[in-house]
Each structure stands twice: as C-alpha cells, then as structure tokens.
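What follows is a short report on a single structure.
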Amino acid sequence: MLLIFWRLFGHKNARLQPGGHVVEKRRETWSKSWLFVLAAAGSAVGLGNIWKFPYLAGENGGAAFTLVYLGWVVLVGLPLLIAEMIVGKASRLDPVGAYRKLSGGSKFWPWAGRLGVLTGFMILSFYSVVAGWSMAYVFKALAGEFNGFTTSAQAALAFDKFASSPVWPVIWHTSFMLFTITIVSRGVKGGLEQCNKILMPALFIILLGLVARALTLPLASEGVAFLWQPDFSKLNAEVVLIALGQACFTLSVGMGVMITYGSYLDFGAPLVRDSALIALTDTAVALLAGLAIFPAVFATGGEVAAGPQLIFVTLPVVFNHMVLGSVIGFFFFLFLTIAALTSAISLLEVPVTYLVDQKDISRPKAAIGVGLLIYLIGIPCAWSFGPLKAYALGGRTVFDWLDYLSSNLCLPLGGLLVAIFVGWRCLPLARFWFLASVWPEPRRAPTWLWLVWWLPVALLVPLAIIVILVAKLFGIG
C-alpha cells in the first residue's frame with residue numbers, strides 16, 4: 001500500500017528506499033563559489049556579447065550606446081539576475097519546481113517556469129546553428145581560406161555559399177550539439193564545472209591576446225575612441241531602447257538558466273556578491289570584444305556598422321589584411337566557439353534539470369533525449385539559409401521565427417514574471433535571502449539596503465521590460 005500511495009502522491013524529488021523509508025534525492029552543489037561564478041558567467045558570456053554587442057555598438061553610435069548599455073546593466077540587468085538567483089537558491093529546484101514550491105503550490109506560477117524551459121529549448125535550437133558556423137570558421141581560418149578575401153563582397157559570397165549548403169551547416173550543428181550533450185550529461189561537477197574550469201580561462205587568455213594585437217595596429221586609437229569617447233548627439237529613444245534590451249537579456253535572465261544554476265548553490269553562498277561578479281565578467285567580455293574588433297576594423301578600413309555580418313563577413317576581410325591574419329582569425333573564432341559552448345550547456349541544462357527534478361529521469365537520458373530533439377529542430381533552422389529559405393511563413397523562416405519568438409516574446413515575458421514574482425508574490429522570502437547574503441543579521445539590516453535592490457526589481461525592471469515587450473511587438477526599435 002505504501003508503494004502505491006507513493007507512486008500516486010509522492011514527491012518527485014524523493015525516492016522510496018528498501019524497507020519503506022523515504023529520502024530526498026541529494027542535489028548536486030557547486031564545489032567552490034568561484035566555479036559557480038565561472039559557470040554562470042560562461043552562460044552569460046556568449047554570442048550576444050561577442051557577435052551582437054559589437055555590431056549594435058557599431059550601428060548605434062559606439063561609445064554613446066556603450067554608456068547607456070552599462071547604465072541599464074546596473075539598473076535593470078543586475079537586479080533581475082539577483083532575483084533569479086534568489087528563486088533558485090531558496091527552492092533548490094528547477095524553474096517549474098521552484099515557482100511551485102515558493103508560491104505555495106500555485107497552479108499559475110509553475111507556468112512561468114515552463115516558459116523558461118521552453119525558451120531555453122527554442123534558443124538552443126537556432127543558437128547551435130550559429131555556433132556551428134563559428135566552429136566551421138575556426139577550421140576555415142586554419143586552412144587559410146581568408147587569404148583571398150580582399151573585399152566584403154568576396155567574404156559575403158563565401159559565407160552565403162557555406163550557410164546555404166544543405167550539408168555543411170548541419171554537420172557543424174551536429175558536432176556542436178554532441179559536445180553540448182556530452183558535457184551536460186556528466187552533471188554539475190563532472191560536466192559543468194570541469195568544462196567551465198578549462199574553457200573560461202582559455203576564453204579570457206585568447207580574448208586578451210586578441211585585444212593586445214588589435215591595439216598595436218595602425219589607427220587602433222580610432223577604434224578605441226569609437227568605443228570609449230561618447231557622442232551624445234547620436235542618442236535617441238531607439239538607441240536607448242536597443243541598449244535596454246541588450247542589457248536586460250545579455251545576462252541569461254528570463255530563460256530559467258540562472259534559477260537552475262542558483263539551485264545548485266549551497267545555503268551559505270553570497271549570491272549578491274556572486275551575481276555582481278557575473279555581471280561584471282559578462283560586461284567586461286562585451287567591452288573587451290569591442291576593443292578586439294573595432295581597432296582591427298578601423299585599421300583595415302572595414303565597415304564598423306556592418307550589422308550582424310560583422311563577424312562572419314567583415315572580420316575575415318580584416319584578418320586577411322593583417323600580418324598573421326590566419327592565426328589571429330583562428331584564435332578569434334575559437335574564442336567565439338568557446339563562448340557559444342559555455343552558453344549552450346546552460347541552455348540545455350534548464351530542460352534537462354526539469355526532467356531530472358520533475359519527471360525523475362536520469363541525467364544522461366534527459367540530456368540525450370532533449371538534446372536530440374533540439375538537434376532535430378536545429379536542422380530546419382540550418383536549412384533556413386538554403387533549402388528552406390524560400391519556404392517562409394509571414395516572411396520569416398524557421399530560424400527567424402524561433403529567434404523572433406524567443407527574443408521578442410518569451411525572454412521579456414520570462415523576465416517580467418521573475419520580477420513580479422520576487423518583487424511582489426514572495427516578498428518576505430526574497431527580502432530574507434537578499435539581506436542574508438549581504439548583512440550578518442538580516443532582521444537588523446537597514447531598510448535602505450533592502451530598498452536599493454527591491455525598488456529596481458519591483459518597479460523599474462517590470463516597467464523597462466513592458467516597454468521592451470511593447471516596442472518589439474509593434475516593431476519599435
């Protein structure tokens with residue numbers, strides 16, 4: 001009878017042991033605080049920093065955009081990051097279980113967690129395709145294929161030929177997903193920690209080397225000035241809105257990643273300090289990527305406002321005009337691939353943790369099952385630039401739709417729900433966990449300390465995200 005009762009009503013985070021004893025499954029935790037910071041920073045540091053931030057800055061006035069972006073990171077991005085960490089740490093569960101537990105069994109709030117699981121699933125489906133391009137360009141640089149690119153038109157033709165192939169993008173997408181699935185299937189200590197322990201230091205070493213080389217190029221000072229000397233005449237409402245959107249979602253918030261990573265924290269972890277370090281690392285990589293790219297583009301007469309094609313079209317031409325350009329190109333795209341991989345494993349970790357926590361599926365089976373499904377959806381994404389390019393619904397391909405829905409709807413809505421949940425729904429619990437992380441005696445902490453974080457989360461973040469959501473849905477900015 002006990003067995004039947006447990007199968008029907010037992011908690012999925014617990015197991016029935018021989019003799020009828022029920023014990024909770026032990027949850028993995030990060031071995032060291034700095035390993036958690038590396039892993040979470042690795043999640044935040046991705047193509048959005050290296051691929052997207054430089055071209056957004058290039059299109060929107062350089063330093064003026066950068067300063068507005070930094071302001072939004074502090075006022076909106078960091079408070080939202082702390083909020084997600086609190087949800088994960090307080091519940092020690094996946095996003096769905098976390099909302100259910102902290103809301104007292106609400107039927108509505110777990111849907112906020114399910115939205116996060118779906119968002120990570122959708123993003124990785126097309127993200128792995130772009131990451132596959134980056135992997136391919138590592139070997140293209142090594143083979144010296146950039147040597148013939150004297151104009152952007154030549155580089156664009158080569159990229160279009162590669163991206164439209166029905167075979168090669170799928171091969172590289174396959175390779176990237178195999179790496180991602182393998183790492184996630186090994187768990188927190190054997191997979192996430194070991195991967196980030198190696199890849200994140202390698203990422204910084206390569207990035208610093210690229211910056212050092214870029215700063216020694218002729219006219220490099222013009223690239224530095226473009227990034228750091230503000231021209232406020234370039235600012236307008238559209239630029240401010242774009243900077244706000246980039247700041248809100250560059251930190252991997254709104255998709256359940258930081259809830260999941262926060263659930264692996266032990267109870268004494270200083271989550272506010274760690275969140276600040278994560279935001280600082282993420283922002284530093286974005287700025288250093290700009291220092292690595294813009295001086296090189298200026299030195300070779302490239303187009304700083306080249307848009308999304310800056311990485312795969314403009315930079316190969318830049319590398320061709322540099323001494324040891326093939327070597328530098330190899331390390332740049334290796335750096336880009338590493339950043340993509342550290343983000344991809346966090347995206348896969350969200351649905352995998354959900355299946356492990358809520359459905360009691362083993363981690364290897366969950367990683368392989370979810371990874372395979374994401375991989376299959378990624379194939380039509382890869383073909384969106386080739387065989388399926390003509391089959392667009394509403395003017396958007398499969399790749400475009402997944403990108404549009406996740407970026408313009410799911411991410412803003414996910415961030416909004418986190419802010420409302422932490423700022424209003426579970427206010428006493430959030431207050432305790434925040435103050436416990438920054439003050440020896442939380443009950444005696446000064447009120448102003450709590451308000452410094454609560455006011456942005458409860459008021460500024462929801463307002464900012466509603467503005468972004470409405471603007472994106474109506475095509476403003």
Set of side-chain hydrogen bond (donor to acceptor under 3.5 Å, both in side chains) partners for [X], sequence neighbours left out:
| X | answer |
| --- | --- |
| S43 | S252, S346 |
| S31 | E193 |
| T337 | S134 |
| T447 | none |

Heavy atoms only: give me the nearest [X]-[Y] pair and the separation to one decimal.
| X | Y | result |
| --- | --- | --- |
| P412 | S406 | CD-O, 4.3 Å |
| L435 | A445 | CD2-CB, 3.8 Å |
| L348 | P351 | O-CD, 3.2 Å |
| V184 | A367 | CG1-CB, 4.3 Å |
| G256 | E84 | N-OE1, 4.2 Å |
| T119 | L115 | OG1-O, 2.7 Å |

Quick one: does [X]'s side chain get under 4.5 Å of [Y]'s, heavy atoms only?
| X | Y | result |
| --- | --- | --- |
| F65 | F53 | yes |
| I311 | I293 | yes |
| L192 | W30 | yes |
| V350 | M255 | no |
| F36 | M85 | yes |
| F121 | I377 | yes |
| T260 | Y354 | no |
| I86 | W453 | yes |

Tell me every residue that passes side chain to side chain contact (heavy atoms under 4.5 Å, CB included) with W34, counting only those two or more places apart in sequence or in another chain.
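Listed in chain order: K32, L38, K197.
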Please list, chain by chain and in numerical order, all residues satisfying side chain to side chain contact (heavy atoms under 4.5 Å, CB included) with I198, sequence neighbours excluded.
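In terms of side chain to side chain contact (heavy atoms under 4.5 Å, CB included), with neighbours along the sequence ignored, I198 is linked to no residue.
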Distance from [X] atom [atom1] to [Y] atom [atom2], nearest 0.5 Å?
| X | Y | atom1 | atom2 | answer |
| --- | --- | --- | --- | --- |
| L334 | L203 | CG | CG | 9.0 Å |
| T342 | L347 | OG1 | CG | 10.0 Å |
| I183 | L341 | CD1 | CG | 4.5 Å |
| I181 | F176 | CD1 | CZ | 11.0 Å |
| L372 | M177 | CG | CE | 8.5 Å |
| L402 | S407 | CG | OG | 10.0 Å |

Could you check whether any side-chain N or O of [X] sits under 3.5 Å from a backbone N or O of [Y], counting only pairs where one atom can act as donor and the other as acceptor?
| X | Y | result |
| --- | --- | --- |
| W72 | G77 | no |
| S103 | R100 | yes |
| S91 | K101 | no |
| D357 | D94 | yes |
| S343 | A340 | no |

Set out, in order, the CA-CA distance, both residues' side-chain angles and the distance that settles side-chain contact (heavy atoms from CB on, under 4.5 Å) for I374 and Y127, then state yes or no.
CA-CA 10 Å; I374 290 174; Y127 190 93; over 6 Å; no
More than 12 foreign heavy atoms under 6.0 Å from NZ of K365: is that the case here?
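No, because the 6.0 Å sphere around NZ of K365 holds 12 heavy atoms or fewer from other groups.
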Looking at F179, I'd like to know if its CZ atom is crowded, meaning that more than 12 non-hydrogen atoms belonging to other residues, nucleotides or ligands lie closer than 6.0 Å.
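Not buried by this count: 12 neighbours or fewer within 6.0 Å.
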Could you tabulate the donor-acceptor pairs under 3.5 Å formed by side-chain atoms of residues 459-468, not counting sequence neighbours?
none

Qualifying side-chain hydrogen bond (donor to acceptor under 3.5 Å, both in side chains) pairs, either residue in residues 417-437, two or more places apart:
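Found none.
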Run the side-chain contact (heavy atoms from CB on, under 4.5 Å) check on F126 and W401 step by step: do they pass?
CA-CA 10 Å; F126 67 85; W401 271 114; over 6 Å; no
Pairs involving residues 437-462, ordered by first then second residue, that meet salt bridge (charged side-chain N to carboxylate O under 4.0 Å, His left out) (sequence neighbours left out)
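Only E441-R444 qualify under salt bridge (charged side-chain N to carboxylate O under 4.0 Å, His left out).
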Which residue pairs pass the salt bridge (charged side-chain N to carboxylate O under 4.0 Å, His left out) test with at least one member in residues 394-423, sequence neighbours excluded?
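Every pair satisfying salt bridge (charged side-chain N to carboxylate O under 4.0 Å, His left out) with a residue in residues 394-423: there are none.
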Describe, in one word, how the ring planes of Y375 and H173 are oriented to each other, choosing from parallel (under 30°), tilted (30 to 60°) and perpendicular (over 60°).
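Y375 vs H173 ring planes: parallel.
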Working note: F335 + I338, criterion side-chain contact (heavy atoms from CB on, under 4.5 Å); need CA distance, chi angles, decisive distance, verdict.
CA-CA 5 Å; F335 159 67; I338 290 173; 5.8 Å; no
Partner residues of F421 under the ring-ring contact (aromatic ring centres under 6.0 Å, His included) criterion, sequence neighbours left out
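Scan of F421 (ring-ring contact (aromatic ring centres under 6.0 Å, His included), adjacent residues dropped) gives Y99, W109.
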Would you tabulate the side-chain donor-acceptor contacts of residues 264-275 under 3.5 Å, counting partners in other chains and residues two or more places apart, or write 'none'?
from, atom 1, to, atom 2, distance (Å)
Y264, OH, E349, OE2, 2.6
Y264, OH, T353, OG1, 3.0
Y264, OH, R363, NH2, 3.2
D266, OD1, G268, N, 3.1
D266, OD1, A269, N, 3.0
R273, NH2, S33, OG, 3.1
D274, OD1, S33, OG, 3.3
D274, OD2, S33, OG, 3.1
S275, OG, L271, O, 2.7

Full working for side-chain contact (heavy atoms from CB on, under 4.5 Å) between V76 and L244:
CA-CA 8 Å; V76 175; L244 175 58; 4.1 Å; yes
